[in-house]
Amino acid sequence: MPIATPEVYAEMLDRAKAGGFAYPAINVTSSQTLNAALRGFAEAESDGIVQVSTGGADFLSGTTVKNMVTGSVALAEYARVVAANYPVTIALHTDHCPKDKLAGFVRPLLDISLERVARGEDPLFQSHMWDGSAVPLDENLEIAKELLEKTARARIVLEVEIGVVGGEEDGVVGEINEKLYTTTEDALATAEALGLGERGRYMLAATFGNVHGVYKPGHVKLRPSVLKEIQDAVSAKYGTEKPFDLVFHGGSGSLLEEIHEAISYGVVKMNIDTDTQYAFTRPIVEHMFKNYDGVLKVDGDVGNKKVYDPRSYGKAAETSMAARIVEAAQHLKSAGTKIS
């Protein structure tokens, strides 16, 4: 059972919160980066989450096709086949989906899963993210309520975001200002609008200074205490300890102690993309420099097929990305916690 059933995914999230660890959620854009993620999780003996963004799904469908649903379905079906060879459990997730892409991404994928569930099958993806950070909170939560009703019927976990992640991802730019910090009022409004699991399970991407992109450690000004404040405020009203399953976005450049503090407040999932992109690409660049004459047909020569064969540098890229995922699992304390 390498792809989690809805029940197993729920167990994964419960184990993470109870055990004080979080799952690396690795963005992939190809079959090879998916294989690297699976290898990394297996080597870390960690279950994990593989996710695809709107841009990643678009790319997966083919650069002349550009169909996010086609790319997502292809990834999910391929993952079901290749993941069977790994001794870890993987959940499939779709990353940031803003309002203008709901109709071409999350909504049709939900319809596919509803059809699968009606046939007695598992949903195609185990969770979907609705990113309403760019719209007013009231509108964000109204859309989240409608989606939650649908994800609950499809046996899928919804991820919602309140507050704004700064920086840029897939062309979506978040300004760096006070909106980077979710307030207790935002959290209380979310609990009132969506419940605390009785209307359908959801994860909350609450922001505490998070910024997408490339940053050196210490540059991003995180305030993990924000997560404690929102958990405590909602707990005081509803009497439930750590009521939210929290998600950590924009983690590049975060200090390890900040990551561990965030986990202690209920973070169960941390998105990792920038660091694994670099880990994948760096060995390819090295290969090209070292094999310059063989990769290029210099002055009409034939080059060296052994070094321009994509497998020659693809293996190094997969190895490097997998190693970075092992490191992520160690940092998030999920290494050695696999269910199987």
Any side-chain to backbone donor/acceptor pair from [X] onto [Y]? Under 3.5 Å, distance only.
{"X": "Ser61", "Y": "Asp58", "result": "yes"}
{"X": "Glu43", "Y": "Val326", "result": "no"}
{"X": "Arg80", "Y": "Leu124", "result": "yes"}
{"X": "Thr281", "Y": "Tyr278", "result": "no"}
{"X": "Ser113", "Y": "Pro123", "result": "no"}
{"X": "Arg15", "Y": "Thr337", "result": "yes"}
{"X": "Lys228", "Y": "Ser264", "result": "no"}

Closest contact, heavy atoms only, [X] versus [Y]:
{"X": "Ser312", "Y": "Val307", "result": "OG-O, 3.2 Å"}
{"X": "Leu194", "Y": "Leu141", "result": "CD2-O, 4.1 Å"}
{"X": "Gly195", "Y": "Tyr202", "result": "O-OH, 2.7 Å"}

Within-4.5 Å side-chain heavy-atom neighbours: Met321 and Gln32: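 Result no, sub-4.5 Å side-chain heavy-atom pair not found.
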Heavy-atom check, side chain of Lys269 versus side chain of His93, under 4.5 Å: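 With C-beta onward as the side chain, the pair touches.
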Whether the [X] and [Y] side chains hold a donor-acceptor pair (N or O, under 3.5 Å, no angle test) is what I'd like checked.
{"X": "Arg39", "Y": "Thr319", "value": "yes"}
{"X": "Thr183", "Y": "Asp186", "value": "yes"}
{"X": "Ser46", "Y": "Ser334", "value": "yes"}

[X]/[Y] ion pair, N-O < 4.0 Å:
{"X": "Asp14", "Y": "Arg201", "result": "yes"}
{"X": "Arg107", "Y": "Glu146", "result": "yes"}
{"X": "Lys145", "Y": "Glu142", "result": "yes"}

Heavy atoms of other groups near Phe59 CZ, more than 12 under 6.0 Å: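 No, because the 6.0 Å sphere around CZ of Phe59 holds 12 heavy atoms or fewer from other groups.
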ILVMFWY network linking [X] to [Y], side-chain heavy atoms under 4.5 angstrom:
{"X": "Leu114", "Y": "Leu102", "value": "no"}
{"X": "Leu148", "Y": "Ile112", "value": "yes"}
{"X": "Val82", "Y": "Val50", "value": "yes"}

Side chain to side chain contact (heavy atoms under 4.5 Å, CB included) evaluation trace for Ile3 with Asp122: CA-CA 10 Å; Ile3 300 297; Asp122 288 332; over 6 Å; no
Full working for salt bridge (charged side-chain N to carboxylate O under 4.0 Å, His left out) between Lys150 and Asp111: CA-CA 9 Å; Lys150 210 167 184 178; Asp111 289 339; 2.9 Å; yes
Say you draw a straight line from [atom1] of [X] to [atom2] of [Y]; how long is it, rounded to the nearest 0.5 Å?
{"X": "Phe244", "Y": "Thr190", "atom1": "CZ", "atom2": "OG1", "value": "5.5 Å"}
{"X": "Leu227", "Y": "Ile263", "atom1": "CG", "atom2": "CD1", "value": "11.0 Å"}
{"X": "Asp245", "Y": "Leu204", "atom1": "CG", "atom2": "CG", "value": "9.5 Å"}

Candidate pair Val106 and Trp130, rule side chain to side chain contact (heavy atoms under 4.5 Å, CB included), full reasoning: CA-CA 8 Å; Val106 165; Trp130 147 238; over 6 Å; no
Full working for salt bridge (charged side-chain N to carboxylate O under 4.0 Å, His left out) between Lys315 and Glu318: CA-CA 5 Å; Lys315 291 174 184 177; Glu318 179 184 314; over 6 Å; no
Worked verdict on Glu161 versus Ser133 for side chain to side chain contact (heavy atoms under 4.5 Å, CB included): CA-CA 6 Å; Glu161 181 172 318; Ser133 61; 3.5 Å; yes
Met270/His331 under side chain to side chain contact (heavy atoms under 4.5 Å, CB included): CA gap, chis, key distance, verdict: CA-CA 11 Å; Met270 180 174 172; His331 286 173; over 6 Å; no
Whether His128 and Phe125 hold their rings parallel, tilted or perpendicular, with breakpoints at 30° and 60°: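 Aromatic pair His128/Phe125 classed tilted.
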Plane angle bin for His96 and His249 - parallel if under 30°, tilted between 30 and 60°, otherwise perpendicular: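 Judged by the thresholds at 30° and 60°, the geometry between His249 and His96 is perpendicular.
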Sole candidate of Asp95, Asn27, Leu92, Leu60 that passes side chain to side chain contact (heavy atoms under 4.5 Å, CB included) when paired with Val52: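 It is Leu60, the one option of Asp95, Asn27, Leu92, Leu60 that forms the side chain to side chain contact (heavy atoms under 4.5 Å, CB included) with Val52.
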